[in-house]
Amino acid sequence: MLAFRFAPRGISHTPITRRSFATSATKEVKDVKEVKEVPTAAAGNKKKDKFTIGKDGKIKVEFGVNPYKSYKMDAPAPVATTSKEELLKFFRDMTLWRRVEIAADNLYKAKHVRGFLHLYNGQEAIVAGYEAALTKDDHVITAYRDHANFMGRGGSPFEVISELIGKAGGCSAGKGGSMHFYKRDANFHGGNGIVGAQVPIGAGVAFALKYQQKPNVCIAMYGDGAANQGQNYEAFNMAALWKLPVIFVCENNKYGMGTSAERSSANTEYYTRGDAVPGIKIDAMNVLSVKAGFEYAKQHALTKGPLIVEAETYRYMGHSMSDPGLAYRTRDEVAAIKADRDPIDKVKFYLLENKLSTEEELKEIEKEIKKEVDEAQKKAMEGDWPEIKELYNNVYTEKGYYVRHTNLEDSVVVE
């Protein structure tokens with residue numbers, strides 16, 4: 001039986017300041033075709049991001065507001081590179097993941113999903129950004145808000161929905177549920193229900209990578225609510241001693257269940273809490289700043305050892321389905337973040353403002369995604385339940401299995 005220990009997350013509203021920057025990330029894009037200044041938020045922030053679009057299609061983005069802060073290391077340059085194709089992929093992926101979460105929400109309310117369900121709405125830029133900086137030979141391990149992480153590693157909406165409703169077509173054969181998604185062929189290690197327990201496991205994966213002399217990193221993710229867990233600091237210490245290629249990622253979505261940082265943490269600057277482990281803080285509502293930040297973090301992890309990345313984001317939904325999410329914050333607060341900083345709207349704004357796409361094209365993508373998710377849901381609902389033998393698979397014993405029924409006389413021993 002699993003024991004669940006929930007620690008508060010936090011809320012941090014620290015102003016972003018300029019720091020020293022690495023010059024390698026600030027190379028000019030040659031053969032400039034056009035330069036545009038774009039507001040940093042769709043609501044019209046006065047400070048603008050500057051787009052420089054090259055004749056070869058490469059785009060350089062200089063952030064109007066520096067999205068980075070650092071601790072015991074230089075911060076990344078406030079610059080990202082991208083392309084029309086990548087921006088369209090970001091838009092499609094994040095829209096797909098949110099549509100799947102909407103379907104999961106509805107299925108839970110219709111009682112097709114049992115147990116816990118934690119939704120990722122609002123945080124999609126983290127997964128989209130780090131996946132753009134990694135390869136599938138890199139490793140990822142996270143906590144229980146894991147649906148988008150699984151799809152970012154190549155998992156399908158059908159596998160997600162099947163797992164949520166307990167069908168055999170799910171990524172864990174219908175036996176894991178929402179908190180235990182895995183994708184072994186893409187080095188995704190879950191999906192972990194115990195708060196903070198995945199952090200030392202991620203350090204162990206990084207140890208294996210170093211031991212095997214592989215040129216890859218492991219991302220070990222945890223929420224700001226898990227930031228006070230003791231095993232985190234044991235993992236930080238070992239990683240620093242052995243210079244392991246691990247990126248510890250604190251997803252600061254502002255609230256640990258319903259508790260703010262001021263009530264739970266003496267130090268709410270999560271990226272500074274590694275002692276000897278350096279850190280950076282990223283505006284994780286912008287997929288481009290996340291991508292550039294993780295490119296920088298990966299290079300650091302491979303050459304210098306571990307670091308902490310605080311991905312500052314926002315959770316639109318409650319902590320889980322039992323939490324309406326409004327007892328500790330107002331509707332106006334949530335609405336303001338959605339209006340000003342939504343990660344999908346941000347990419348949409350970039351595409352439209354720079355004439356890289358049209359409203360009609362983006363609406364067509366949204367229409368295709370809705371159809372894809374609807375079809376995945378229908379297929380999952382019609383899918384088979386796991387076979388009885390799945391009860392005994394992955395249970396490591398050579399003895400007969402005693403299966404306790406709710407009625408004692410119906411219990412059985414299976415040889």
side-chain contact (heavy atoms from CB on, under 4.5 Å) with Val347: of Val287, Thr82, Asn286, only one passes, and it is Val287
In Val246, Asp146, Ile201, the residue satisfying side-chain contact (heavy atoms from CB on, under 4.5 Å) with Ile141 is Ile201
Residues in salt bridge (Lys or Arg N to Asp or Glu O under 4.0 Å) contact with [X], at least two apart in sequence or another chain:
X      : value
Asp275 : none
Glu366 : none
Glu359 : Lys348
Asp185 : Lys183

Residue pairs passing the ring pair (Phe, Tyr, Trp, His ring centres under 6.0 Å) test with at least one member in residues 225-248, sequence neighbours excluded, are Phe207-Trp242, Tyr233-Phe236, Phe236-Phe248
### Query
Would you find a donor on one side and an acceptor on the other, under 3.5 Å apart, between the side chain of Arg145 and the backbone of His319?
yes
Exercise for the section: Could you tell me whether a side-chain N or O of Asn354 sits under 3.5 Å from a main-chain N or O of Tyr350, the two making a donor and an acceptor? Expected result: yes
Once rounded to the nearest 0.5 Å, what's the spacing between atom [atom1] of [X] and atom [atom2] of [Y]?
X      : Y      : atom1 : atom2 : value
Lys281 : Tyr270 : NZ    : OH    : 9.5 Å
Phe51  : Glu353 : CZ    : CD    : 9.5 Å
Leu88  : Glu85  : CG    : CD    : 7.0 Å
Ile344 : Lys338 : CD1   : NZ    : 11.0 Å
Thr358 : Leu362 : OG1   : CG    : 6.5 Å
Tyr108 : Ser322 : OH    : OG    : 6.5 Å

The single option from Tyr120, Trp97, Phe181 that satisfies ring pair (Phe, Tyr, Trp, His ring centres under 6.0 Å) with His147 is Phe181
Quick one: list whatever passes side-chain contact (heavy atoms from CB on, under 4.5 Å) with [X], sequence neighbours left out.
X      : result
Pro278 : Lys72, Met73, His300, Leu307
Tyr314 : Lys254, Tyr255, Met285, Tyr316, Arg329, Glu333, Val334, Ile337
Lys89  : Asp93

Would you mind reporting whether Leu134 and Ile219 have side-chain heavy atoms less than 4.5 Å apart? yes
Contacts satisfying salt bridge (charged side-chain N to carboxylate O under 4.0 Å, His left out) that involve residues 120-141 (not counting sequence neighbours) are Arg98-Glu124, Glu131-Lys136, Glu131-Arg153, Asp138-Lys298
Below 3.5 Å, can you tabulate the donor-acceptor pairs from side chains in residues 369-378 to any protein atom, sequence neighbours excluded?
residue : atom : partner : partner atom : Å
Lys370  : NZ   : Asp374  : OD2          : 3.0
Glu372  : OE1  : Arg92   : NH2          : 2.8
Lys378  : NZ   : Glu382  : OE2          : 2.8

Is it the case that the side chains of [Y] and [X] hold a donor-acceptor pair, with the cut-off being a distance below 3.5 Å and no angle test?
X      : Y      : answer
Asp323 : Tyr328 : yes
Asn393 : Glu390 : yes
Glu310 : Asn252 : yes

More than 12 heavy atoms of other residues, nucleotides or ligands under 6.0 Å from CD of Gln212: is that the case? yes
Is the number of heavy atoms from other residues, nucleotides or ligands under 6.0 Å of Met238 CE greater than 12?
-> no
Distance-only donor-acceptor pairs under 3.5 Å for side chains of residues 158-170, two or more places apart:
residue : atom : partner : partner atom : Å
Glu159  : OE1  : Ser156  : N            : 2.9
Glu159  : OE1  : Ser156  : OG           : 3.1
Ser162  : OG   : Phe158  : O            : 2.8
Glu163  : OE1  : Cys171  : N            : 3.3
Glu163  : OE1  : Ser172  : N            : 2.7
Glu163  : OE1  : Ala173  : N            : 3.4
Glu163  : OE1  : Gly174  : N            : 2.9
Glu163  : OE2  : Lys175  : N            : 3.2
Glu163  : OE2  : Gly176  : N            : 2.7
Glu163  : OE2  : Gly177  : N            : 2.8
Lys167  : NZ   : Ala380  : O            : 3.3
Lys167  : NZ   : Met381  : O            : 2.8
Lys167  : NZ   : Gly383  : O            : 3.0

Contacts under 3.5 angstrom, residues 188-196 side chains, donor-acceptor by atom type, not counting sequence neighbours:
residue : atom : partner : partner atom : Å
His189  : NE2  : His139  : ND1          : 2.8
Asn192  : ND2  : Thr142  : O            : 3.0

For [X] and [Y], work out which heavy atoms get closest and say how close.
X      : Y      : result
Ala148 : Val127 : O-CG1, 3.6 Å
Val140 : Met221 : CG1-SD, 4.4 Å
Ser265 : Asn228 : OG-ND2, 3.2 Å

